[in-house]
Structures are given as structure tokens and as C-alpha cells.
Amino acid sequence: MFEHLPVAPPDSILGLSEAFSKDSRANKINLTVGVYKDEQGRTPILDTVKKAEASLLKNETSKGYMPIEGHPEYLKAVTELIYGGSGIDLGRVAIAQTPGGTGALRVGADTVIRHFPGTRIWLSNPTWANHGSIFQAAGMETPVYPYLTADKTSLDFSAMVTELKTNGRRGDLVCLHACCHNPTGIDPTLEQWREISDLLAEKQMMPFVDFAYQGFGDGLEADAKPLHLILEKNPEAIVCNSFSKNFGLYSERVGSVSIVSQEAKNTEAVLSQIRQAVRCNYSNPPRHGAATVAAVLTSPDLKSEWVAEVNSMRDRISKMRSMFIDGMKQATNVRDFSFLSRQKGMFSYSGLNAMQADWLKNERGIYIVGTGRINVAGMASSTMPTLCAAIADCLKAT
């Protein structure tokens with residue numbers, strides 16, 4: 001059977017990282033994979049995570065299975081982190097722990113498609129590279145709505161609204177990035193979020209919110225505001241979150257899927273269906289990462305320290321983005337990169353094209369995605385002059 005299988009194409013982003021690891025050049029720079037890096041190019045373990053893990057390991061008494069929906073204390077803390085301050089009855093939220101944000105997206109999609117076959121989900125163009133694969137694997141159609149202006153430097157809000165208003169159907173899902181849009185870093189304003197909320201309510205389309213970067217935009221509470229605005233007008237929603245970034249728990253795969261119902265009386269039925277989707281995917285989730293997050297979020301001291309760590313990561317990303325803009329201003333007058341200052345989170349659309357990305361990789365050992373997406377969190381002040389000089393040369397050469 002398997003001798004006839006073709007070799008699948010490499011992942012567009014992970015394949016670049018593999019090529020980077022094989023590159024022998026000393027001054028190579030990797031700005032592809034969405035992983036936070038410190039100034040030394042390391043993906044650090046947060047101090048609060050280390051403290052929580054030390055306590056967990058000391059007091060751990062069992063490796064027994066957890067409930068299908070996951071760690072109880074974790075689920076309560078995550079519900080409060082995401083929905084606290086929204087004004088909704090938290091009893092309306094059915095929530096389950098998942099293996100990262102990817103697992104959350106798949107469980108959410110599976111829960112819907114099992115009972116509402118033929119459901120479509122609208123994706124922004126562009127969106128995270130894995131969104132389409134996940135939803136299509138679950139059996140959903142994935143129409144797209146415009147997101148960027150022609151020069152790829154700002155949000156084309158009118159085109160986005162027009163497409164959804166014209167071609168969206170009652171019962172469609174709409175995938176939205178709550179903050180730090182991946183891959184562009186371009187988010188709607190709060191006033192635009194209000195218009196999106198009104199549109200979804202008017203069209204009776206359901207928000208399916210990917211919330212992977214809470215705290216990396218404007219802060220933990222501020223980044224939840226768009227979701228809360230959506231919930232003011234839309235009685236139902238699906239929300240997927242991840243602690244890969246703001247806890248640095250990439251390899252632990254810690255996330256959640258939550259479904260908000262119009263009334264609390266529906267929550268148990270919804271949760272039972274989420275359990276069904278989990279059971280046939282991975283049966284139940286792993287303990288360690290969720291227990292770590294729960295330990296931090298339920299300790300006032302650790303939570304306060306964690307908030308400071310998230311703020312520090314966000315500030316470093318913002319500093320790198322500003323340094324890059326200033327560095328490019330000094331390196332060349334061929335292109336103005338000041339538009340990047342309006343972008344948020346780990347990623348930015350640089351405006352570079354696939355040919356320029358290829359030139360940078362081949363000529364200078366600088367790896368970016370062919371779309372021009374760069375991981376700002378992968379930059380460092382020590383290598384910024386090298387990066388800016390290389391891009392300036394690239395603009396001249398291409």
C-alpha cells in the first residue's frame with residue numbers, strides 16, 4: 001500500500017526552518033516560525049512557569065487520566081481570563097482543554113460539523129497558514145474575505161465588510177483573529193470591531209474567534225476587548241485560545257476551545273458534544289501544561305509576576321519593530337517601512353515579495369516567509385544592522 005505514496009510537500013514555514021538549521025553561514029537570521037525569542041535568540045522558559053513546575057513536581061501524586069474536558073482548575077481560570085469583564089454570564093460558557101490552539105480549532109470545527117453538515121467558515125485573506133487545512137480536514141468549505149489593501153500595508157475594511165455582507169449566509173462561521181492578526185499584525189480598530197459585531201448579528205453568522213496572542217497586542221485585558229464587543233451583539237460564539245505564546249508553553253500544547261450559548265441551560269448539552277469530539281480525536285488532554293497554567297493563574301503572586309513577564313515580552317517585540325523601522329530609514333530611502341508601526345504582535349507584513357524573500361535567503365542567509373511575513377520577535381538588536389543592510393541591498397538588487 002505505502003510504496004506508492006508520493007512525498008508530501010514540506011510545510012511552507014517549517015520547511016524554511018529546516019533549511020535554516022542546515023545553513024552553515026554564521027550570520028544567518030531566522031524570521032519565519034512564530035516563536036518568541038529573547039535577545040540571545042532563545043525561546044525562554046518563563047520564571048513563573050519554572051516556579052509553578054517545581055511546586056507541581058514536588059506535590060504530584062498521580063499520572064492518572066484527567067476528565068475528557070480537561071483540568072478543572074485550569075478551565076475555570078481560563079474562562080475568567082478570557083471572559084472576565086465581558087459582562088456575560090460565565091455559566092453560558094462550555095469549555096474544554098485542548099492540545100494547543102490547533103487542537104482547539106479542530107475540536108470546535110468537529111463539534112459544529114457533526115450536527116450542522118455543510119457549514120462554511122469564512123477566512124481572512126491572508127490568514128494563518130494552517131487555518132484552511134484544519135477546517136477543510138473537518139469537512140468545511142472555506143470561502144475567504146478580503147483583508148488587506150492592494151499595497152498590503154493596511155486593513156481594507158470596506159472590502160471585508162462588503163464581501164461578508166454580500167455573500168455571507170445565515171449559519172456561516174466567520175474566523176476572526178481577536179488580536180495580533182497572523183500573519184499581518186494588522187488589527188481592526190475598536191470602532192471597526194463594533195461594526196463587525198453588528199454585521200455578524202445582522203447576518204446571523206457566528207463568530208469563530210482565534211485568540212492565540214492575548215497580551216501581545218495592547219495587554220491582557222485590552223486584547224480581550226474585541227471579543228467582548230462581539231459578545232455584546234452576538235449571543236453565540238466559538239473561541240479558541242492558546243498559551244504557547246503568552247506562557248511560552250510551545251511544546252506542552254496547552255489551549256482551550258469554548259462555546260458560548262445564548263442561555264446557560266444549553267451549556268451542558270454543548271459540553272457533552274465537545275466531549276464527543278475530544279473523545280474520538282485524542283480521548284483526553286495531557287496534564288502538565290494545564291496544571292502549570294492553573295498554578296500560575298490561581299496564585300495572586302505568580303499571576304502578578306506572569307503579567308509582568310507578558311508585558312516584558314510585548315515591550316521587547318514593540319522595541320524590535322521600532323528599531324527595524326528606524327534601521328531601515330537609515331539604511332535606504334527606497335522604501336518607507338513606517339507603516340509597520342501600526343501593526344501589533346509577533347508578526348508583520350513587510351511588503352517584501354516572494355522573489356525578495358528568496359534573494360535574502362540565498363544571498364544573505366536571512367529567512368522570511370515568501371509572503372513577506374516576518375517574525376518580529378525573532379529580531380535582535382545585535383543583528384539589526386545586518387538585517388537592515390541586507391534588506392536595503394535586496395531592494396536595490398530586485
Side-chain angles (χ1 to χ4, degrees), residues 31-32 34 36 123-128 145-163 175-197 209-230 245-246 310-353 356-357 368-369 371-379 381 384 387-388 391-392 395:
L31 302 179
T32 58
Y36 177 83
L123 306 178
S124 64
N125 181 23
T127 191
W128 179 46
Y145 57 87
Y147 197 75
L148 293 179
T149 52
D151 61 4
K152 299 184 178 181
T153 64
S154 59
L155 174 65
D156 193 342
F157 186 69
S158 61
M160 172 185 177
V161 168
T162 298
E163 178 65 27
C175 184
L176 301 163
H177 303 228
C179 66
C180 307
H181 183 272
N182 180 1
T184 70
I186 299 170
D187 293 337
T189 64
L190 288 181
E191 184 55 42
Q192 288 170 335
W193 276 115
R194 290 188 178 91
E195 291 187 48
I196 292 169
S197 179
V209 182
D210 192 340
F211 200 10
Y213 298 94
Q214 186 176 9
F216 274 30
D218 293 312
L220 290 161
E221 293 182 4
D223 289 349
K225 184 63 176 175
L227 171 61
H228 297 174
L229 289 175
I230 286 172
K245 277 72 180 180
N246 56 20
V310 174
N311 292 343
S312 177
M313 289 190 285
R314 183 179 68 253
D315 289 346
R316 193 189 106 71
I317 294 170
S318 180
K319 178 184 176 182
M320 290 302 102
R321 185 176 273 109
S322 296
M323 284 186 66
F324 177 72
I325 295 169
D326 292 342
M328 290 308 304
K329 190 178 297 183
Q330 295 172 18
T332 181
N333 59 5
V334 173
R335 183 176 300 174
D336 180 10
F337 284 87
S338 60
F339 65 89
L340 296 178
S341 63
R342 301 188 295 272
Q343 301 175 6
K344 298 176 183 177
M346 288 174 54
F347 304 114
S348 277
Y349 247 36
S350 63
L352 299 171
N353 59 39
Q356 291 165 331
I368 68 172
V369 182
T371 58
R373 189 204 81 171
I374 55 176
N375 177 17
V376 180
M379 296 178 177
S381 57
M384 193 68 73
L387 173 65
C388 293
I391 294 177
L395 292 174

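Taking every heavy atom of both residues into account, Gly372 and Ile368 meet most closely at CA-CD1, 4.4 Å. Taking both residues in full, the closest heavy atoms of Gly351 and Arg335 are given as O-NH1, 3.1 Å, listed atom of the first, atom of the second, then distance. Summarising the geometry of Tyr145 relative to Cys175, their closest heavy-atom pair is OH-O, 2.8 Å, with the distance given to 0.1 Å. Residues Ala178 and Val209 come closest through the heavy atom pair CB-CG1, 3.7 Å. The two residues Asp218 and Lys344 make their nearest non-hydrogen contact at OD2-NZ, 2.6 Å. For Tyr349 against Pro126, the heavy-atom pair with the smallest separation is OH-CG, 3.5 Å.
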Pair up each side-chain donor or acceptor in residues 324-331 with any protein partner under 3.5 Å, not counting sequence neighbours, and list the distances.
none

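The backbone N or O of Thr189 lies less than 3.5 Å from a partner atom in the side chain of Gln192, making a donor-acceptor pair. Looking only at distances, no side-chain donor or acceptor of Arg316 sits under 3.5 Å from a matching main-chain atom of Asn311. A donor-acceptor pair is defined here as one N or O able to donate and one able to accept, closer than 3.5 Å; such a pair exists between the side chain of Thr162 and the backbone of Ser158. Without hydrogens or angle criteria, Gln214 side chain to Leu220 main chain gives a donor-acceptor distance under 3.5 Å. For the pair Asp223 (side chain) and Gly217 (backbone), a donor-acceptor distance under 3.5 Å is present. Under a 3.5 Å cut-off, the side chain of Arg314 and the backbone N or O of Gly215 do form a donor-acceptor pair. The backbone N or O of Pro226 sits nowhere less than 3.5 Å from a side-chain atom of Arg194 that would complete a donor-acceptor pair. Remark: the backbone N or O of Cys180 is paired with a side-chain donor or acceptor of Asp187 at under 3.5 angstrom.
Note that CE of Met323 and OG of Ser318 are 12.0 Å apart. Values are rounded to the nearest 0.5 Å. Here the CG-OG1 distance, from Leu148 to Thr153, works out to 8.5 Å after rounding to the nearest 0.5 Å. Distance check, rounded to the nearest 0.5 Å: CG of Asp336 to CG of Leu340 gives 9.0 Å. For the atom pair NE2 of His177 and CZ of Phe347, the computed distance is 11.0 Å after rounding to the nearest 0.5 Å.
A 4.5 Å side-chain heavy-atom check between Thr149 and Asp156 finds at least one atom pair inside the cut-off. You'll find the side chain of Ile196 reaches within 4.5 Å of the side chain of Leu176, heavy atoms only. Residues Asp315 and Lys319 form no side-chain contact, since every pair of their non-hydrogen atoms from C-beta on lies 4.5 Å or further apart. Ile374 places a side-chain heavy atom less than 4.5 Å from the side chain of Met379. The shortest distance between side-chain heavy atoms of Pro188 and Leu155 falls below 4.5 Å. Side-chain contact between Ile317 and Tyr36 is present, with heavy atoms from C-beta onward closer than 4.5 Å. A 4.5 Å side-chain heavy-atom check between Gln343 and Ile186 finds at least one atom pair inside the cut-off. Counting heavy atoms from C-beta outward, Trp193 and Ile230 have side chains that approach closer than 4.5 Å.
Every residue was checked against the side chain to side chain donor-acceptor pair (under 3.5 Å) condition with Ser312, not counting sequence neighbours, and none meets it. Not counting sequence neighbours, the partners of Tyr147 by the ring-ring contact (aromatic ring centres under 6.0 Å, His included) test are His181.
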Is there a side chain to side chain contact (heavy atoms under 4.5 Å, CB included) between Leu31 and Leu387 once you walk through the steps?
CA-CA 10 Å; Leu31 302 179; Leu387 173 65; 3.9 Å; yes
Apply side chain to side chain contact (heavy atoms under 4.5 Å, CB included) to Phe216 and Cys179, showing your working.
CA-CA 8 Å; Phe216 274 30; Cys179 66; over 6 Å; no
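Donor-acceptor pairing under 3.5 Å is lacking for the side chains of Arg373 and Ser348.
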